[in-house]
Structures are given as C-alpha cells and as structure tokens.
Amino acid sequence: MDFFLTLVQVLDSTIRLATPLLLACLAGLYSERAGIFDIGLEGKMLMAAFFSAAVAAVTGSVWLGLLAGIAASLVLSALHGFASITFRGNQLISGVAINFLASGMTVLIAQSWFKQGGRTPSLFGEGRFESAEFPYAIGPEDAELTGRPVSELMSETNALHLAYSELLSGHSILVYVAFLMVPLTWWILFRTRFGLRLRAVGENPAAVDTAGVSVVGLRYAAVAICGVLCGIAGAYLATALQAGFVKEMTAGRGFIALAALIFAKWRPWHAMWACLLFGLLQAVALRFQNIDLGGVVIPVQVMDALPYILTVVILAGFVGKAIPPRAGGEPYVKER
Amino acid sequence: MEKMPKWADVVLIPIISLLLATILSAIVILAIGEDPIEAVNLMVTGALGSTYGWGYTLYYATNFIFTGLAVAVAFHARLFNIGGEGQAMLGGLGVAIVCLSVPWPHWTIALLAACAASMIFGAAWAAIPAYLQAKRGSHIVITTIMFNFIAAAFLNYMLVNVMRPQGSQDPATARFPEAVHLPTFQSMFSTAENVMFRGAPANISFFVAILACFVVWALIWRTRLGYEIRAYGHSETGAVYAGISPVRITVIAMLISGALAGLMAINNVMGEAERLVLNATEGAGFIGIAVALMGRSHPFGVFLAAILFGFLYQGGAELALWTSIPRELIVVIQALVILFTGALDNMVRIPLEKLFMALRKGSA
Amino acid sequence: EPALIFDLGGKFDKSFNEAAHNGASRWAEETGGSYREIEMQSEAQREQALRRFAEAGSNPIITMGFGMADPLSAVASDYPDTTFVVVDVTWLDAPNVRQVGFAEHEGSYLVGMMAAMASKSGTVGFIGGMDVPLIRHFGCGYAQGAKAVNPDINVVANMTGTTPAAWNDPVKGSELTKAQISQGADVVYAAAGGTGVGVLQTAADEGILSIGVDSNQNHLHPGKVLTSMLKRVDVAVYDAMSAGDDVETGVFTMGLAEDGVGVSMDENNAELVSDDMKAAVDKARQDIIDGNVSVVSYYENDSCPALQF
Amino acid sequence: MTVPAIELKGISKAFGPVQANKDISISVAPGTIHGIIGENGAGKSTLMSILYGFYKADKGEIWINGQKTDIPDSQAAIASGIGMVFQHFKLVENFTVLENIVLGAEDGGLLAPSLAKARKELKALEEEYELFVDPDKRIDEIGVGMQQRVEILKALYRKAEILILDEPTGVLTPAEADQLFRILDRLRSEGKTIIVITHKLREIMENTDTVSVMRRGEMTATVKTADTNPQELAELMVGRKVLLQVDKVPAQPGKPVLEIENLSVTDSAGVERVKGIDLSVRAGEIVGIAGVAGNGQSELLEVLGGMRPGQGSIKLNGERLAMHGPGSDGQARRAQGVAHVPEDRQREGLIMDFYAWENVAFGYHRDPAYKRGLFMDNAALRADTEAKIEKFDVRPPNGWLTAKSFSGGNQQKIVVAREIERNPDLLLVGQPTRGVDIGAIEFIHKQIVALRDQGKAILLVSVELEEIFSLSDRIAVMFDGHIMGERLPAETDEKELGLLMAGVAGEAA
Ligand SMILES: Nc1ncnc2c1ncn2[C@@H]1O[C@H](COP(=O)(O)OP(=O)(O)OP(=O)(O)O)[C@@H](O)[C@H]1O
Ligand SMILES: Nc1ncnc2c1ncn2[C@@H]1O[C@H](COP(=O)(O)OP(=O)(O)OP(=O)(O)O)[C@@H](O)[C@H]1O
Ligand SMILES: [Mg+2]
Ligand SMILES: [Mg+2]
C-alpha cells in the first residue's frame, strides 16, 4: 500500500509536470507538421504565462486571463509566421528572437504595470483555475468534513479509489484539455481534410500549391493553432499550477517540449507518451533526492541530471533516427 | 547576373535592418517613459566611446566569437549544436584544472596548455552527442540540450563538492596563481602617461579569437576536410557518392565545434574571472546560436555579429548604470536586432531588389 | 551619494536583494536623499560596476552577495578614498571595506524549532534553490533547530536544481513541496528565491504550513505561513547609507544578538504561533545570545551535524 | 474554324534578370496533342507553369476555349479545366496514392467520405483509361511510372479537359512510355487537349499533331508534325546541324577489366536487390545494362562505385576489391581507377550549392594535384575547371556559377567531364542523358565512345533502350536482381529485350 501510494503520488506529479510539456509539444507538432520549425515555444509560453496572470490579476477572472494569454501567444505566432512564411526568413532565427523578445518584454511590461519586480500580483479565488473534483473522489471537501488531511484519507482507502482520486480527479480543467487534445490532434491530423493538407504542406508544399490550395494560408493556420496551444500551456503554468507570473517561469520547458516532439517523431500519441516520460523522470528525480545506497549518498546533482541522462540513453537505445517533416525549416519559394 | 550588387546584399541590407531594429527599440524605450536619444547616446558612448568601453565590448565579443564559430562549424555540416553552453562549461573546467594543478612558469605556456585543455574538454562533451547522432541517429538537438543540463549539474557538483577550497562559501575554485594571469588590454596597450582599457576585462584571448576566425575560415574554405564538411552539409547522398563518410564528418565537425565552444573558457575563466565560478558561461552558448545565424556561418560574419552583441551587452550595462531602465530592455533590443537582421531580412531585401532592377532597367 | 549594487537575482527577488532595495528606499524616503543602483547581469559587470561608481564619486558603495568578494578584493585598493560595503562576505583583507555577514544558521535554527513544534507528523521539509554552501548553511541551522525540539524528527531536504533557473522555477518548487508533503512533511521552509513563491503557494493550497525567508513573507498567505526567517539586509543597507561617508569599516557579523536575523511575528501568523512556541523561541534566542546553546555553522567544516546533503 | 482550346498571347516572364519567356504566343486546337521541344533552359517548363497558374506571367493573355481567362493560381487553372503533370512530380511521398489524388479536391471537412468517393471514381477512371494504380500504396513504395500515372489520375480526377505533361517520358522505360502515349491517344479521342514537352524527337514524330520549338525563351516555330522531320526539328532547336545517330566503329575488346562473381546487394531496409550476379566488362568495351528502373541496376552501380556494401567478389584488373569497411568507399574506388557518373546528378553527382569549380573536384578533392601544403590548391582547380568547361562546352562558360544555376544538360556535362577526364580504367555511367536535350546528348555520347576507343572499360546503365542500343557493344538485361541474359546489339531487338526486361526468360545466355 505504501509503495502504491508513493507510485500514485509520483504519477500524479508526472501528470502535472507533463501537462505544460504536452500542450507545448502538440503546439510544436502542428507547426512543424506544416513545415514551420518552431524553437520559440518557450517564448510563446512565457508571454502567455505573463499575460494570463496579468489579466487574471487585474480582472479577477481566470477565463479572461486565459484568453489574454492565448492572444499574446498568437501575436508572437503571427510574428513568427510573418518572418518565416510571408518573408521566408530563417525559422530558427525567428524562433530565437521570439524567445529573447518574450524573456525581455514580460519583465519589462510586468515592471511597468505592477512594479513588483517582473512579477504579477498573486492570484486567488476566481483568478485561478481550481482543480476539478470528480464524484466520489477524495478531495479537500472530504478533508474539511472529516477534519483530517487529504493525504491521510488517501493513504487509508483502497488502491482503485486512491488512483481514481489522485490521478483522474483533482486536476485543473486545462489538464483535461491537454490530454483531450491528443486524440483530437490525432483525429484532425489523420481524419480531416485540414489534417491531410497540413501534413502535405509540411512534406511537399509544391504538391499542395499545384493542387490549388494555399500554402501560405495553411501554414498560417498551423502556426496559429500552435499559438493557441502555447497560450494554454503558459496560462496553465501561471494560473493553474501557480498563482501568478514569475520571470522566466517556463524554465526551459519549451525546449524540453521540443525534445519530446522529436522524440515522438512528430506523432500525437507518441508525443503524449514522450511528455509523460519526461514528466515521470522529473517527478522521480524530485521525489527521490539524496538516495542512500548503503552508505553512499547519491549527490543531488546526479538526481537532478538523471532525467536528462535517461533521455539520452532512451533516445540512443530505443528510439533511433527521427526524420522530420521533409519540408520542415525550408521556406517555400516558387521563384528565386 | 545577380538581382542586385553584392555590396547592397552584404552592407546595405544589414544596415537598413539594424536601423529598423533601432527605431523599434526607440519606440519601446519611449513606451516605458524614457528618452531614446539619451539611451542610444549612453549605449554608444558607453560601449564604443572610450578604450574602457571597447575593453568590455571586446571582452563579451570574444566569448561570442568562440561560441558563434562553434555553432557555425556545426552548421556547415548541417548539425545544429545547441550544446555550446555545456561545452563551454566543460572547457572552463579544463582550464581550471590545468591552471590550478600545475605550477606554470609563465602565462604563455599556461595559455597554450589551457587552450589545449579547454578544447579537449569541450570536444569531449560534444563527442557523445556526435557519436550518437552519427551511429544511432539520435537527434543532436535533443542530445545537446540534455548535455547542457548534465554539464550544469556536473559543474555544480565539482564546484560545491570537489574543487571549492575548504571553508570557502563561494561555489568556485580557488583563484588561479599570478603566473597564469593573462595580459589584459590594459597591460598590453597602456603607456606610462596614458592608461588605456583601464580595468576592462578584454585580454589576449581576443586575439586568439581572431586567430580562431582565420583558422575556421581556412579550415572550412581552404582545406579538404572543410570541403568535405560543407559537401556533407549540403547533401548527404552526395557525400556518400564522393566517398565522404557521414559518420566521420559528423563526429569531426562536432568535435571541432565543441572544441571551439570550450575554448571560450580561456577568455571568461582564465582571462577575466581567473577562477571558475558557477554559471561562468552566462548563456554565451545560446548567444552563439544567434551570432552564427546572423553571421551566416561565415567567420567574418560571426566576428561582426559578435561585436554587435558585445556592443549590446556593454551598452546595456552602461544604460543600467546610469539610468533606471530595467536591464530586460537590453534583452528586448537584442531580440529586435536578431529579428530584423536575421529573420526579417527579406522584408528589406525584396523591395531593395525591385528597386535595383528598376534602376537597372532605367539605365539600360 | 551612495550606490547600491544588486546581485544577479535582481532587486525584486522577493528576498535577499529586495531586502536591500527596501532598506535603500527607506533611507531615501526618510532623508530625501538619492542613490545610484544597478542589477548585475553578468560576472564581468561586477568589477565594472564597482569601478564606474567609484570613479563617479559614489560613496559608500554597497554591494550584495558573496559573488562580490573576488572583484572587491581586486578593486578596493585602487580607490582608497571610497568606502565599500559588502553583504554576505566576511573574509576579505581590505581596510576600506565594511563586511557584513549574517548568522543565517541562528535564524534558521529558530524557525527550525518552530517548524518542529508546529509539525504534527514529525516530518518537516527544507527546499533550497541551488546546491551552494550558503543554502546548505540555511538548511543546516534549520535541521539543528528542529532536532533540538524533537530529536526524532525527520528533516527532508531538497534542492531545486543546478542551473540559475533553479532560483526562478516556482513550478518545480510546487512539485518539491508536494513530494515532501507526500513524505509526510507538514511544515516546509523555502530558501530558494523565486522558486519559494511556488513553495509557499502550494503549502497554502495543500493546507500545510510554510516558512518564508529573508524578508517577512508572512503576508503572502496570511494564516498559512508559520513565520519567516528574517535576514535584516535592509537594516544593514539602511545603516550604511545613513552613516554615509563615515561608515565604519571592518567585519561585522549580524546574528541574533545584533537583531541581524530573527523570526517574524505579526498579525498574519499570530494565530499559528502558540504561547509555548513563542516562549521556547525566546528562550532559545537568549541561550544562543548568551552562548549557552551553540549552533554549528555549515561553513566551519563543510558539513552539518544534523543533516546530510 | 474551331475555337482554340488554348491560346497564349504575348506571354513574357522574367526571373530576376533572367528572361525565361519572351513574348510567346501559341494556339492549340481542341482534341489534339501538341508537342513542345527546346533545349534545356529554353523556357518550356516556365511557359507551362504559367498556363497552370504556378507562376504569374509578367505580361500577356491566356485564352481558354475562346475566353480570356485570368489564372492567378493553380486553383484557377484547375477550375478552367487544366491539369498538369510536372517534370518533377508534385506528390507527397509518404502519402498513399489515394491521399495524393484527393489532396486539394476533397469533398468535405472529413476525409473518409472523400477517400471512399475517390476510390470509386478511381476505379472508373482506371478502367476507362487503363491507368492502373494501387490506391493504398505509398508513393515512395511505387516506381516512377506508377507515380506518373498517379499524376495523370490527379488531373483527370479534377476533370481536366486540357492536360499538360512536362517531360513525361524522361524517367519511363520504353514500354511505359508506349503505354503513356496510348493513354494520351485515348484522351485525345475523347476530345481532350494535350500538351507534351519532351526532348525525344521520336515521340514527337509518332504522337503529336502539331509541334512548337522554343529557343532561349522565344518561340521559334510552330509546325504540323506531318510537315516536318526530326532533322529539321533538331536544327530548329539547337540552331545547328545535329547528329541523331551515334557514330562509332566496332569495339576491339581487350582483357577483362571488371569481373563480377556472385555479387549480392542488400539495401538498408534489408531487401536483397542484387541476387548473385556474374558479369564482366573488358577493356575497350561498353556493356549496357537494360532493365526497368528498380530491378537492381542502381544498387549494382552503387556497390561498384563504393556507395554501399555488398557480398561476393569484384575484381578490377584481376585484383579483388574490398566491398565493405576500409578500401570500399568512393574515395578508395577512385584511387583504384573507377570513375562514376551517378544516376542522379542533383542528389549525388553534384553539390548544387557549390560553384562549378568546386564540383569539378567532387570525389577527387583529396587528389594530390589539388593540394598545396595544408590547403586545397584552388587556383589549380580553377584552371582545371576552365579547361574542362572549354573542352566540354559547358554553358555558360563560367566556373563561378553554382551548380544549380546550370541547366540539367550542362550540369550533366560537368559531371561527365569530371569523370571522363580522370581517364579511369573503368567508367560507371548511370542514366547519362536523362532529361538532357539532344544537343547535349549527342556530345555526351561522343565522349563516352571516345573513352571506349582509348581502351577503357565502360559499364552503362540506362532505362533508355535507344541509348542502350546505340552505345553498347554488349547488352545485359536485369530483372529482379538477376541478369536475365546477355545479347549483342546486332543480334537482338527491342522486342526481345523488352521481354527479358519483363522477366520473361529467353533462351539461356
Ligand atoms: N524558379 C525559377 N527561379 C528562377 N529562375 C528560373 C526558375 N525556373 C526557371 N528559371 C529560369 O528560366 C529559364 C527557363 O527555364 P525552364 O525551366 O522554363 O526551362 P526548360 O525549357 O523547361 O528547360 P528543361 O529542358 O531543362 O526542362 C531557365 O534558364 C532559368 O534560368
Ligand atoms: N531556382 C532557380 N534559379 C535559377 N535557375 C533555375 C532555378 N530552378 C531551375 N533553374 C533552371 O531552369 C532550367 C530548367 O529547370 P528544370 O528544373 O526544368 O531543370 P532540370 O530539371 O535541372 O533540368 P533537366 O530537365 O534537364 O534535368 C535550368 O536551366 C535550371 O538551371
Ligand atoms: Mg523543364
Ligand atoms: Mg528539364
């Protein structure tokens, strides 16, 4: 039971850590499947995190915050599209610039609006995403009723109920959105006209062009979806996981999401597993610091690096070659 | 026949792009309620108006030249080395070990040894991702990102638990002995009556960086290895046809790239801090990506882009010293410069090409 | 005109640098004086900022953090007429430097005691930012305090990461807190800069107690933050600025006796602190000041008797 | 007089400083096949791309069925009933045939109904025009012939009344080409209008009703096919007299240079592509390997050229060559005296972004002749390039142009010059004249024969039976990784070879 409890808790942590990665990873998937490489996921998330928290703080409504976050991320997406689709610029450079821009702008604006050192005021009540409680799940209400902490109640119930209460129930709505996006993305990509065209434009834009479909339009659409998802990811960080924006709070998650995307070879279900794997590795590393192996204490640095080491090992051992969408990174040029 | 003269492509477009970036930056400065003219003035005089300012500008530029060249060399083999940061950290470790463990008689020998050590350490850190890419197809972008994190953890462990002098509260190595201190610009260029570059950290490493530019240029465009690297970068199938081993080129290009990134340590660790501190690289590995992209992977372009970023760093520092403009403004300006000169250059090029075509038609 | 040089974290780090900022602002408000300031963004700037301010005639020049020790030792002798103040550095040999150190372990000891007394589960947590000696120093005092109250107490100590991002990753702070809660911790002490925001938030959300650091953070979640370990950097800065040109040089350690460190008691945590707790803390405070109790500093021999890192 | 199906009036188009089309007018009657010929880079593809809305003309008008029509993009072209099969197919390689066909012509937001409908209609089209394809195969799993059928089906599925084909037979075997023209004939008989670009005069003569000749961006002539002959067309195209037949003396074979025994090759996917073949080539002899693309010829060349490992024995001048590990790569082969004109000049033979002079060293860049101290001797290389450009009449004669700015024919001349001028013992040649205009074909053929006459061994792989016949001294036919038989050109004919190529074994070789 104790082991099971620990396992469930680690998995619960995995889900929370994986959610922003998953959203960003799916965002990148749309963009890169359409042939637009995006290393600016990090910047878009950060911008969205700030604007969602800022608007939620000012209006007191987390939903307005979410919209603001998405809008902010969309603006950066439009910039990326402008540079890499309309003006056929270098997609990597544009992504790098967007990351810098977000990193600087968030703090600059935060400072001039709130004067709290690049931070937004803390969110409370309606300004934050509450976690959803499923029927029959153990949650804070039960704790209040019985006057005992949730963790105690959890440790007393049976395994199924425990897993149900911890893993399925008790997450913010954005978590469910993120995981529902996986089948949805799969369905859009492989079952709809839009998906067919999207994948085609990432493989061979000339084929799409000569088939009478606008390459530019499709790519902008993909980049816009990417913006929306990054927006949700950022809002999740600042308004669901946390209660406000702190500078650089994305802490490299956009890059990890990018790694997960390559890991998943640009496929939605694999993306989910990759993000869960990254989440799990991090959760494990956080949970089991300073492990004592018969007198030898593993230094915290080893545990800290472990997710990254394991990623490399798994990548080298099991994943093999990842072939990106063929037209990825190349601007579509008819006439030179 | 070209669409427009080469000088326009090489000189005019970057200048117009920079101008656009400057104008937008000015608007941002206005928006936060400061005076843009004053700000630009401060930045330019602070970074370029004195030998002192140059001393800082060139110090930063030296870092960026090394990491920019590192990224550029890998780019020529169509490898995206995001791992410059980690490789530079390891280079620092190499320099620290060399400087602390041997009683060097003179800085010249120490510098040679430090160069070798930093290059070996940097290359070693690039070797595993390189090997995995070449042999297992593990995507170099992921592995180098991961290796940055691993390097940070490793360095943290070394500085906190191994190399920190007993009782020191600072997670850093001991100071390097006097004998290995590199000559700074101050000591090189000052005369008795005229002190130049006073206190600035620019040091002899800058000339090593310039040398590295020439070496990389010669390597890429003048040697057979460089020819193979470029050929492989343009076409893998072509390389196989020509008997160029993709595995070999991938590994060699990454080793060179890692060595160059590692070499940065002679500047920041040996030349400036004179000891190894946590976070000594300060993101120079990532700036190197922007520098290489903006410099179009050409050593001369890298050099210019590095100077530009050095200017932004030093100008930004001066701005922060004398005004209340938040330091993040500099990050925004950097973003705008990267955006306009790097990603939106076609926005300038397309109308300019039309203009030149029209001029040519008009004169013909 | 005095000058203030913040450390890399920036002046709004909600703890260390911000305390300095508060001290300076208080001085400016009270006296109507003005001062120069700069936030470091790179290692090379440390020396640059020192020299530039010294050349511009600023005096005293107040600098924050152990990272300034090295540059200061190189610069101070070049400007004998300028007085420098450095916080968190006590080992330099320079006549024109005022070195202010804090006995963080003593303050941490007191909050450790409070944590142990407030804990029902017998497990308390510590969350540090990066694994550096200073943070171990905090954790070590905390563990000693907790063990003084309850020798069997279990102290769970975690560090957030190894890159500078570790100071600004509230999400990771949250997860660490949750991990510690699941290990039974019901009081956590955060010494992790911006990451601590996530720790305090999650502790409040999950219904356990947290302990803030450096500045008084009790107000962040009233009724949920047990106390804050105060490190009166603001006082040090305020004093130095007030003294102006005549600021005294030498090494000054601000411990409990000097009110340099302490625990924060205000209306936000009044309900959480029982009279017993208050009494015990006051007694321990006096004992430490009197030398009856000695708190071991991690720096003494790079190890901690009460906690393994 | 009927209204023309297509009328172009005064079309001009410039790519930057290059005037690709100059004031071109042309008119095509409905229900006819119209041929367009011209040298590489004459502007044929550009003109057709304008008609299809892929490029926008700078000037000029397009009239379809007597109506002035604006064609700003391909969608408009499709709406006007125009379909185009591009020289480089516009297919998504990892999509299925069916997906490629519906792409852009879907019926609704969901894919399944569109695919179902397309599957049905495809069946009907297939039967009507004998255009058989497997709708569920992925494009990268099927041969070029099938890919082309997919392109035609794409156009027909979109109800094209006017069909443009840009060099459709460049990559087809003779049998496939014949079948294509049968299909085109059938389309014509249904009243559809067809424009075909080709470099092969025979195809023009046999299949078209009218023909236009383009040269340097201009339309030089449009004639009724019945009123002209190949010689005249060739002259109109190139502006000089062209020898349409290879002129060579009988071979005088010497000792064996290349001896292959029991050679097998497995590709990276683990499929055995060459299955234990024996073959020899003697000095002063051209051995041609005929076969439908994809029957192991490419892999055979690649093993010999050091591009992939193999099993069995290869001897060169009596000495065994390594087939994997050291001594088996392209560098080693070149040192051993093997030169290689690869099948795909753009993907293999050249680095498209390198200057011509850099490409002249490609594969030979480690030659001591190009070395000076630590560096490459670029001056020597450039001098060498100038000589080669001059000798092989590469146009424009400028070594400082990147490979991609030369036309296909001139790119091929650079590759051939580089390999032949090495004076190798054994020359491997893959598809030497694919997509190359007749002027260049004539020249390249002459060079290959000249090398043979110097007593060198040459192994030629080509899917052009005509080329195989006119160059080879001995012909081997490959099918499914086996050599089906060897023939002397004088003692066989296209029919017999065709059967062998289809895997129908003749009498033992
Ligand atoms: N996309 C393009 N961008 C710039 N210039 C082009 C482009 N396509 C063609 N050109 C130029 O236009 C000219 C005509 O090219 P086009 O492709 O129409 O020739 P072609 O007659 O089809 O040749 P080929 O027989 O090799 O297919 C070329 O010489 C080339 O310089
Ligand atoms: N982007 C371009 N810039 C300049 N010239 C071009 C470009 N694209 C094609 N061309 C030129 O257009 C002409 C024909 O183009 P096309 O793509 O039809 O040639 P190709 O396929 O290389 O030749 P071939 O059909 O003989 O194999 C060539 O002269 C080629 O060099
Ligand atoms: Mg063509
Ligand atoms: Mg062609």
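Letters A, B, ... mirror the listed sequences (proteins, then strands); counts begin at 1.
- D/His365 NE2 to B/Tyr227 OH: the interatomic distance, rounded to the nearest 0.5 Å, is 6.5 Å.
- Panel note: side chain B/Thr237, backbone D/Glu348; no donor-acceptor pair is recorded below 3.5 Å.
- Scanning residues 208-224 of chain B against chain D with a 4.5 Å non-hydrogen threshold yields B/Ala218, B/Trp221, B/Arg222, B/Thr223, B/Arg224, sorted by number.
- A donor-acceptor distance shorter than 3.5 angstrom exists from the side chain of D/Gln331 to the backbone of B/Ala242, with no hydrogens or angles considered.
- Within a 6.0 Å radius of NZ in D/Lys22, more than 12 heavy atoms belonging to other residues, nucleotides or ligands are found.
- Close approach to chain B, defined as a heavy atom under 4.5 Å from one of its heavy atoms, is seen in D/Arg418, D/Glu419 of residues 415-426 of chain D, taken by number.
- Highest contact tally toward chain B, considering only D/Leu374, D/Asp353, D/Asn398, D/Asp329, is held by D/Asp353 [criterion: heavy-atom pairs under 4.5 Å].
- For chain B, no part of D/Glu302 is nearby; none of its heavy atoms comes within less than 4.5 Å.
- Other residues, nucleotides and ligands contribute at most 12 non-hydrogen atoms within 6.0 Å of the CD atom of D/Glu386.
- To the nearest 0.5 Å, atom CZ of residue D/Phe354 and atom OG of residue B/Ser235 are 9.5 Å apart.
- Scanning both residues, D/Phe362 and B/Ala231, for their nearest heavy atoms gives CE1-CB, 3.8 Å.
- The contact list for residues 72-83 of chain B toward chain D, using heavy atoms and a distance under 4.5 Å, is empty.
- The parts of D/Ala361 that come within reach of chain B are both its backbone and its side chain, each placing non-hydrogen atoms under 4.5 angstrom from that chain.
- The stretch residues 334-342 of chain D places D/Arg334, D/His340, D/Pro342 near chain B, each with some heavy atom under 4.5 Å from a heavy atom of that chain.
- Within the 4.5 angstrom heavy-atom criterion, only side-chain atoms of B/Glu228, from C-beta onward, approach chain D.
- Atom CD1 of D/Ile351 and atom NE2 of B/His234 lie 7.0 Å apart (nearest 0.5 Å).
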